[in-house]
Amino acid sequence: IQHLMVAMSSMASFDEPQIIEREVARDGVSQSIQVQAFPIMIGERRLVGCIVRDISEQKDVERSLKRYAYQLETLRQVGLELAAELSLDTLLWMIAPRAVELLGGAAMALYVHDPKLDLLDLAICLGDTQPPIEQTAKRGQGLAGFLWERGEPMLIEDYHTGATGKLTRSMWGKVAGAPIVYGGEFLGVIFVFSDKPFDVTDLKLLGLFASHAGAAIRNARLHTELHELAIRDSLTGIFNRRHFFDVSEKAFRHARRYKRPLSALIFDLDHYKDVNDQFGH
């Protein structure tokens with residue numbers, strides 16, 4: 001209140017109405033106060049009239065809208081960046097920090113689904129004090145397995161590892177998680193950890209982010225599969241003629257650059273025509 005009185009007294013010298021806003025503490029709670037001051041002349045006597053309003057709720061809404069606008073712009077940029085990357089390893093390292101930035105968290109974890117073993121592998125875990133979590137998870141087991149089984153984004157208000165009942169930053173408190181699904185195919189799960197509360201808007205944004213990530217991961221996997229099909233024989237799985245010439249060209253350039261000898265060793269298999277005639281070239 002003292003700060004407001006000082007500000008109001010300084011406004012007394014102005015001839016036009018003035019508006020000031022201040023953060024004040026009342027009973028240990030911070031409030032946003034707006035003061036509208038205007039001069040009042042009674043004869044030669046100059047007074048100052050004031051209207052004081054509590055605008056804490058309005059300020060909270062303004063901050064939420066600004067944060068939401070920033071998150072939407074971040075989400076738009078993320079969508080463009082992820083769609084352009086076809087290397088799966090590079091893509092995963094792009095997803096990780098963007099998830100933390102989007103929700104304003106402090107740590108994250110990204111699990112990728114292994115369809116052959118039907119389990120989740122921890123691909124990326126970022127943050128100085130992220131909680132100890134499982135390296136692999138089966139459906140319904142652990143934090144990642146629980147989200148996999150749940151099949152939809154979720155918020156956990158009081159998450160800890162069970163090592164202690166006292167919840168500290170090192171043990172974490174707030175978790176936002178979302179499954180990564182594209183075209184009905186389950187691809188993994190993503191978590192963002194924070195010691196500050198998340199809200200429903202954060203959860204919706206994380207769900208949208210997971211959708212972008214799912215499309216990008218699926219595209220990267222398809223690109224890898226197509227690349228493998230282009231350089232491997234479909235029957236035996238061994239490298240084909242095209243891959244041989246690609247590798248040979250790189251080896252030849254390397255030998256010329258460093259002036260090193262280069263040799264080629266060729267094997268001839270007897271009666272291989274019978275194999276080609278029976279199974280195809």
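Bear in mind the structure is a predicted one, so any value in this text is a computation, not a measurement.
- Rounded to the nearest 0.5 angstrom, Lys273 NZ and Gln278 CD are separated by 12.0 Å.
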Checklist entry - Do Arg257 and Phe252 pass the side-chain contact (heavy atoms from CB on, under 4.5 Å) test, and can you show the C-alpha distance, the side-chain angles, and the key distance before you say yes or no? => result CA-CA 9 Å; Arg257 179 178 181 182; Phe252 184 70; over 6 Å; no
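- Under the side-chain contact (heavy atoms from CB on, under 4.5 Å) criterion, Lys138 pairs with Gln141, sequence neighbours left out.
- Nearest heavy atom pair, residue Ala137 against residue Ala144, reads CB-CB, 4.0 Å.
- In this structure, the side chains of Ile156 and Lys174 stay at 4.5 Å or more apart for every pair of heavy atoms.
- Annotation: side chain of Val175 is not in contact with side chain of Val192 (no heavy-atom distance under 4.5 Å).
- Put simply, Leu92 and Tyr182 are part of the same group of oily side chains (I, L, V, M, F, W, Y) that touch within less than 4.5 Å, one to the next.
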Item to check | Candidate pair Asp274 and His271, rule side-chain contact (heavy atoms from CB on, under 4.5 Å), full reasoning | outcome: CA-CA 6 Å; Asp274 295 338; His271 311 296; 3.8 Å; yes
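- Residue Ile33 holds its CD1 atom at 9.0 Å from OG of Ser30, rounded to the nearest 0.5 Å.
- Here the OG-CD distance, from Ser32 to Glu57, works out to 11.5 Å after rounding to the nearest 0.5 Å.
- Across all non-hydrogen atoms, the minimal contact from Pro179 to Pro153 is CD-N, 3.7 Å.
- Each of Leu91 and Leu86 belongs to its own hydrophobic cluster when Ile, Leu, Val, Met, Phe, Trp and Tyr are linked at side-chain heavy-atom distances under 4.5 angstrom.
- A side-chain donor from one of Asp54 and Ser56 sits under 3.5 Å from a side-chain acceptor of the other.
- With respect to Glu249 and Arg253, a salt bridge is recorded, a charged nitrogen being found less than 4.0 Å from a carboxylate O.
- By the ring pair (Phe, Tyr, Trp, His ring centres under 6.0 Å) test, His227 pairs with no residue at all, sequence neighbours left out.
- Within 6.0 Å of atom CZ in Arg242, 12 or fewer heavy atoms from other residues, nucleotides or ligands are found, so the atom counts as exposed in its surroundings.
- Minimum interatomic distance between His243 and Asn240 (heavy atoms only, all atoms of both residues): N-OD1, 3.0 Å.
- Two residues are said to be in side-chain contact when any heavy atoms from C-beta on lie closer than 4.5 Å; Gln34 and Gln58 fail this criterion.
- Asp202 places a side-chain N or O within donor-acceptor distance of the main-chain N or O of Asp199, the cut-off being under 3.5 Å.
- The shortest distance between side-chain heavy atoms of Leu126 and Pro97 falls below 4.5 Å.
- Qualifying side-chain contact (heavy atoms from CB on, under 4.5 Å) partners for Phe244, counting only residues two or more places apart in sequence or in other chains: Ser248.
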Item to check | Candidate pair Glu73 and Gln77, rule side-chain hydrogen bond (donor to acceptor under 3.5 Å, both in side chains), full reasoning | outcome: CA-CA 6 Å; Glu73 177 58 22; Gln77 293 178 359; 3.0 Å; yes
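- In this structure the side chain of Val189 never reaches within 4.5 angstrom of the side chain of Ile180, judged on heavy atoms.
- Contact check on Lys250 versus Asp246 returns no salt bridge, with no Lys/Arg side-chain nitrogen under 4.0 Å from an Asp/Glu carboxylate oxygen.
- Under the side chain to side chain contact (heavy atoms under 4.5 Å, CB included) test applied with Tyr272, the options Asp270, Asp268, Leu269 reduce to a single match, Leu269.
- Smallest separation of non-hydrogen atoms from Leu155 and Ala176: CD2-CB, 3.7 Å.
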Item to check | Test side-chain contact (heavy atoms from CB on, under 4.5 Å) applied to Arg76 and Leu72, step by step | outcome: CA-CA 6 Å; Arg76 185 189 70 82; Leu72 289 177; over 6 Å; no
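- Within the structure, side chain to side chain donor-acceptor pair (under 3.5 Å) pairs that include any residue of residues 99-126 comprise Tyr70-Glu101, Arg98-Glu101, His113-Asp118 (at least two apart or interchain).
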Checklist entry - side-chain contact (heavy atoms from CB on, under 4.5 Å) between Phe239 and Val247: does it pass, once the steps are laid out? => result CA-CA 10 Å; Phe239 290 121; Val247 172; over 6 Å; no
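- Interatomic distance, Leu206 CG to Thr201 OG1, rounded to the nearest 0.5 Å: 12.5 Å.
- In terms of heavy-atom proximity, Thr236 sits nearest to Ile238 at OG1-CG1, 3.0 Å.
- No side-chain heavy atom of Thr136 sits less than 4.5 Å from a side-chain heavy atom of Leu120.
- With hydrophobic clusters built from ILVMFWY side chains whose heavy atoms lie under 4.5 angstrom apart, Leu75 shares a cluster with Ile190.
- Atom CE of residue Met154 and atom CG of residue Leu203 lie 9.5 Å apart, to the nearest 0.5 angstrom.
- Summarising the geometry, atom SG belonging to Cys125 is positioned 6.5 Å from atom CZ belonging to Phe193; distances are rounded to the nearest 0.5 Å.
- Looking at heavy atoms from C-beta onward, Leu187 lies out of side-chain contact with Val181 at the 4.5 angstrom threshold.
- Here the closest heavy-atom approach between residue Leu262 and residue Ala255 is recorded as CB-CB, 3.9 Å.
- For residues 195-218, no residue pair satisfies the ring pair (Phe, Tyr, Trp, His ring centres under 6.0 Å) rule, not counting sequence neighbours.
- Leu119 and Leu88 fall into different hydrophobic clusters, defined by Ile, Leu, Val, Met, Phe, Trp and Tyr side-chain heavy atoms under 4.5 Å apart, directly or through other members.
- Between Ile95 and Ile124 there is no side-chain heavy-atom pair separated by less than 4.5 Å.
- Partners of Glu228 under the side-chain contact (heavy atoms from CB on, under 4.5 Å) rule, at least two apart in sequence or in another chain, are Ile231, Arg232.
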